[in-house]
Amino acid sequence: MSGAFRIPSAGRLKQAKTARFSFDGQSYAGIEGDTLASALLANGVHLVGRSFKYHRPRGILSAGAEEPNALVEIKRDAARKTPNVRATVQELYDGLAAQSQNRWPSLSFDVGAVNDLASPLFSAGFYYKTFMWPKAAWKSLYEPKIRAAAGLGVSPDQPDPDHYSSRYAHCDVLVLGGGAAGIAAALAAAETGVRVILADEQAEFGGSLRFETGARIDGQDGFAWAQAAIARLQGMDNVRVLSRTTAFGYYAQNFVGLVERISDHLSAPGHDLPRERLWQVRAKRVVLASGAIERHMVFADNDRPGIMLAGAARTYLNHYGVAVGKNVGVYTANDSAYAAAIDLKKAGVNVAAIVDLRDHPTGPVIDEARALGIEVNFGRAVIRAGGKLRVSSMTVQPKNGGGERTIPVDAILMSAGWTPSVHLFSQSRGKVAFNDETKRFVPGTYAQDCASVGACNGTDGLSATIDEAYAAGEKAAKDADAKTAKGNKPKVDASESWSRGMLGAAPGAGPDTTVKAFVDFQNDVTAKDIRQAVHEGMRSIEHVKRFTTNGMATDQGKTSNMHGLAIAAETLGKPIPEVGLTTFRAPYTPVTFGAIVSHARGPLFDPTRKTAIHRWAEAQGAVFEDVGQWKRAWYFPKAGDDMHAAVDRECVAVRKTAGLFDASTLGKIEVVGPDAAKFMELLYTNPWEKLEPGRCRYGIMLREDGFIYDDGVVGRLAPDRFHVTTTTGGAPRVMNHMEDYLQTEFPHLNVWLTSITEQWAVIAVQGPKSRDIIAPLVEGIDMSDEALPHMSVREGKICGVPTRLFRMSFTGERGFEVNVPADYGQAVWEALWAEGQKHGAAAYGTEAMHVLRAEKGYIIVGQDTDGTVTPNDAGLDWAVGKKKADFVGIRGMARPDLVAKGRKQLVGLKTKDPKVVLEEGAQIVEDPKQAIPMKMIGHVTSSYWSENCGRSIALALVAGGRDRMGDTLYVPMPNGVIEVEVSGMVFFDETGGRLNG
Amino acid sequence: MLLIRCPYCEEERPELEFRNAGEAHIARSANISGESDDDFEKFFFIRSNPKGIIYERWRHMHGCARFFNAVRDTVTDKFIMTYKAGEPKPSKLPGVAK
Ligand SMILES: [Zn+2]
């Protein structure tokens, strides 16, 4: 009922419920507890995908996270489509719908498979060689074609509707891997009472005990022992047990990233459940118990569906109760495949033959295989597999050559041995060491407080593994939080032992052959490709890897790296450790962006800052723009207004009557203390000592290199107190810059710096009627020009609340900036607005503010300057204290290049046709008829339509600009060349009379 | 994510709270305007980029906001020690042979 290949007497899922699922539209039945792979195999389905480059039919290689072939798309609904899901990891649920990938029009007939016939074109380094020239064709032709032809899966095209969660955790001992070793280590540590986290990527703990039926621990079957031990650990208050949780990255100081899959295995996940949870764990000690991964045999056509790892076939049988065929062959260079053959034979599956590359292996599994009547061949190789959509035969030959014999089979189980999973160890920056005897890379020099135990440490045999792991768990606990253990070490009653295997290509796929013997299934890399890379000059394994892409697919070469390395070493004629292992990088297996991003998306991606007056502007229908994290009112359209109409109206209103502007986002820093003036002298170019309390000055801040860093109006409230304003975007970096100098270069100065940006709301009232609007609301401040001249500041009250009232102007009109505590910002704004209505004032936004200041030639740091502009370049020499002995930037400003002739200087530009508005960023040339590439002598920094001037206006940085007054220059644009005249920067009220108008 | 010990807070705190502030022990001259072009170049532009021990400045940005100095190994990223701004460059480093 759940597949013809289900064996009733085998496996552990017998009592479970049926789960219906579909693959490529066809319905099947599986059992809850199946993976998609085991359920497909139970139904006799081996063909599940097409390969990346050659579109070769592919089956299921493994039963775990190392799977390179069985990648499918899982579709829950239109938005929930996950590509490249490993069928061997995806748990089955009722209603699961899976699709094969990388095939058209169907899995069994795929047009792209012509790539296989044309494979000489697609050899190693193909991407580098074929598509070198022309460069432009990459974007338009090669890349899209290659992506379409060689893509793996299709990205979802809708926003991810799921939510994800994220947690930080601390523990004394973190155990990664929940097989026999991990469980033993966790038990040892947990029994001491320290805080333990144990994580495993599988749904059920046990690791290789899932298939290793010969193991008995504490008088129980190995897998049953594991379940009992996990139940005990789960019952302990000091232990957290995480299943379906992959440790994907091991970072500095025992910081480990893990992803817990929470709902991908559920038929109908509740909306309250996150899909995945990211764990960021800081552990005092880490125990790595990540096991080992079986390698395939490298022989001709070893990728045919039905050819799989022996341990995987054993897992499908012993855990899932599924036979991977009815007549299987075995090809091995190590003992563990015998156990698979024996288990299958005992379950009633015919084992056609075992082909063992070794000449005279001996041992109990070999005797047992023979005793069961299985044909065993030593010193022989499988030189070829038959069949296309499914393996149909294996051709056997003595390994040193001789007569061939073809044996019909419907599956081949292979094992070249086991590779210790040193991925996390290597990520921890530990150095691996090559054991020449066992031909394995094992942990060598440790860089962090961790220990490796069991198969990932190259430890063979269950008894030795449990001993090592238990001792390591005890030691980790003691090192983390010295307490004594009081537990009992598990006792191993029976276990299996496996001898070694082989690395590299098997006979029949040697250097003299041209067969397709795959090393890396996911990236379609053959033994021949690796040899070719060496022949073409690649010497380092890192180069071989990049040239062939061996190990660079999403499986990160879990099954292929060691074979690839061995073939490269053989071709180079060097021992393996001299060729070196490629670096392992996080993530161990692919991690979703959702898990990493978690809640930090949409409105929570970045904080949004709103001023006290935001709600008023919103109610008035303002259009907002983002300035850093701030939302600023951009313009206030009236019915039928487009942006230009609104901005023109606002600009005219300010100069005709008055305008109100929310300037609250201006950065504000209070500089206080007996040495406040001395500090200001050092941080700004201007002189400050003689500025009288109650007066303001426009200040320029430089970096040490002499370039403009920030600017703003500074008011001296008292001898020891300055109210400094900065640009909106510059506030944090100016504060950091000031703190840096105060703490490290001028620590002798007695000064305190306080950010007051959010403390004060700022309402700019600008225009001829501005005083009339403010005056009725102000108490305790004489508003006359004599008492409160331009560039002065007073403290008093407005609408009954405290104010710092600045007389200053960023428009060239008589103007004020009313600072009030932010809590009163909206109330004071509304009161001023009501007064303003009596005079016909308008609210204006940032766009009008930009136009008005440009009409007056006032610069905006970051728009008219770009970090390479000196005060002189910007025409601001007047703001540099000539008599000062020191300020930040004084020496940088005097560098030869910064005082040289011909530097770009800020000037005004007037288009010959006043209606034409230049584009900001447009380049300027002297002669538009010169050959391309033209010599560019500057660029437009600001450009607007000015309704007040009745023409367009622009500011530009132009080489030697101030010596070019009245000259004609040219701005070449796609639709023709624009003629401009160089002018001064002030376009409106050149004498400045309106400041007191 | 690194753990960094702030010498003012006297606590190890996550890297997220800190910001790197470039190489340490590069003093600004008290007579900077009198410096030669070469000396200014050395002071402002030239930085060491060692494989191994580096002396650098950090700021406990989202903590006490203090600048301090740290000794770090650029190969392993390990912090060897941290100390307060203004303290001399340590002559002996704990756990480093030389
Ligand atoms: Zn601190």
Side-chain angles (χ1 to χ4, degrees), chain A residues 168 170 249-257 280-284 428-431 445-449 682 703-707 732-733 735-748 752-755 881-899, chain B residues 1-5 7-8 12-16 18-46 56-69 72-80 83-87 95:
Chain A
Y168 288 95
H170 294 261
Y250 195 138
Y251 305 96
Q253 289 163 297
N254 275 357
F255 190 69
V256 178
Q280 296 174 79
V281 179
R282 182 81 66 180
K284 285 187 187 158
S428 81
R429 301 202 183 184
K431 285 205 164 52
T445 313
Y446 282 82
Q448 299 204 35
D449 291 328
L682 286 166
R703 296 188 312 189
E704 204 71 84
D705 57 10
F707 295 126
R733 66 164 188 264
M735 186 72 180
N736 187 67
H737 178 84
M738 285 183 167
E739 279 288 352
D740 192 350
Y741 278 95
L742 180 59
Q743 289 184 34
T744 66
E745 295 293 350
F746 314 131
H748 56 282
W752 286 92
L753 304 171
T754 310
S755 166
K882 302 292 177 300
K883 292 178 194 150
K884 291 176 67 169
D886 196 6
F887 58 81
V888 174
I890 190 168
R891 181 61 187 82
M893 234 171 62
R895 287 184 289 147
D897 283 353
L898 272 63
V899 295
Chain B
M1 184 161 48
L2 300 168
L3 282 176
I4 302 172
R5 183 180 172 80
Y8 294 97
E12 279 201 323
R13 306 290 304 169
E15 188 185 343
L16 286 175
F18 297 85
R19 196 163 302 166
N20 185 284
E23 195 168 354
H25 299 294
I26 296 170
R28 185 179 188 272
S29 167
N31 177 28
I32 195 163
S33 54
E35 270 196 334
S36 69
D37 283 341
D38 282 352
D39 285 346
F40 183 75
E41 181 196 25
K42 280 191 197 104
F43 158 70
F44 189 74
F45 293 104
I46 307 301
E56 58 190 3
R57 304 181 328 126
W58 284 79
R59 187 179 183 201
H60 195 185
M61 194 74 192
H62 304 290
C64 65
R66 301 296 297 267
F67 284 84
F68 60 89
N69 294 325
R72 186 171 59 92
D73 187 327
T74 59
V75 178
T76 62
D77 260 353
K78 263 191 187 147
F79 278 81
I80 289 142
Y83 51 102
K84 292 177 181 174
E87 287 181 6

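Sequence lines set the chain letters: A, B, ... in the order given, protein chains first and strands last, and positions in each chain run from 1.
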Chemist: Go through the atoms of A/Tyr741 and report whether side chain, backbone, both or neither lie under 4.5 Å from a heavy atom of chain B.
Modeler: side chain

Chemist: Answer yes or no: are there more than 12 heavy-atom neighbours, outside A/Arg733 itself, under 6.0 Å from its atom CZ?
Modeler: yes

Chemist: Output all residues satisfying side-chain contact (heavy atoms from CB on, under 4.5 Å) with A/Arg703, sequence neighbours left out; order by chain, then residue number.
Modeler: A/Asp705, A/Phe707, A/Tyr709

Chemist: What's the spacing between B/Arg28 CZ and A/Leu682 CG if we round to 0.5 Å?
Modeler: 7.0 Å

Chemist: Any side-chain to backbone donor/acceptor pair from A/Gln743 onto B/Ala65? Under 3.5 Å, distance only.
Modeler: yes

Chemist: Distance-only, no hydrogens or angles: does the A/Arg282 side chain make a donor-acceptor pair with backbone N or O of B/Met1 under 3.5 Å?
Modeler: yes

Chemist: By a 4.5 Å heavy-atom criterion (distance strictly below it), what part of A/Gln253 contacts chain B: side chain, backbone, both, or neither?
Modeler: side chain

Chemist: Checking heavy atoms, do the side chain of A/Asn254, its backbone, both or neither come under 4.5 Å from chain B?
Modeler: neither

Chemist: Counting only non-hydrogen atoms closer than 4.5 Å, does A/Val256 touch chain B with its backbone (N, CA, C, O), its side chain (CB onward), both, or neither?
Modeler: neither

Chemist: Measure distances from A/Glu745 to the heavy atoms of chain B and classify the residue's part below 4.5 Å as side chain, backbone, both or neither.
Modeler: side chain

Chemist: If you count heavy-atom pairs under 4.5 Å with chain A, which of B/Lys78, B/Met61, B/Arg57 comes out on top?
Modeler: B/Arg57

Chemist: Can you tell me how far CZ of B/Phe67 sits from CG of A/Leu742, rounded to the nearest 0.5 angstrom?
Modeler: 10.0 Å

Chemist: Sort by residue number and list every residue of residues 29-36 of chain B having at least one heavy atom under 4.5 Å from chain A.
Modeler: B/Ala30, B/Ile32, B/Ser33, B/Glu35, B/Ser36

Chemist: With no hydrogens and no angle check, is any side-chain donor or acceptor of A/Arg429 less than 3.5 Å from a backbone partner on B/Val75?
Modeler: yes

Chemist: Nearest 0.5 angstrom please: B/Asp37 CG to A/Arg891 CZ, how far?
Modeler: 4.5 Å

Chemist: Is it the side chain or the backbone of B/Phe43 that comes within 4.5 Å of chain A heavy atoms, both, or neither?
Modeler: side chain

Chemist: Between atom CZ of B/Phe44 and atom CZ of A/Arg895, what is the distance when rounded to the nearest 0.5 Å?
Modeler: 7.0 Å

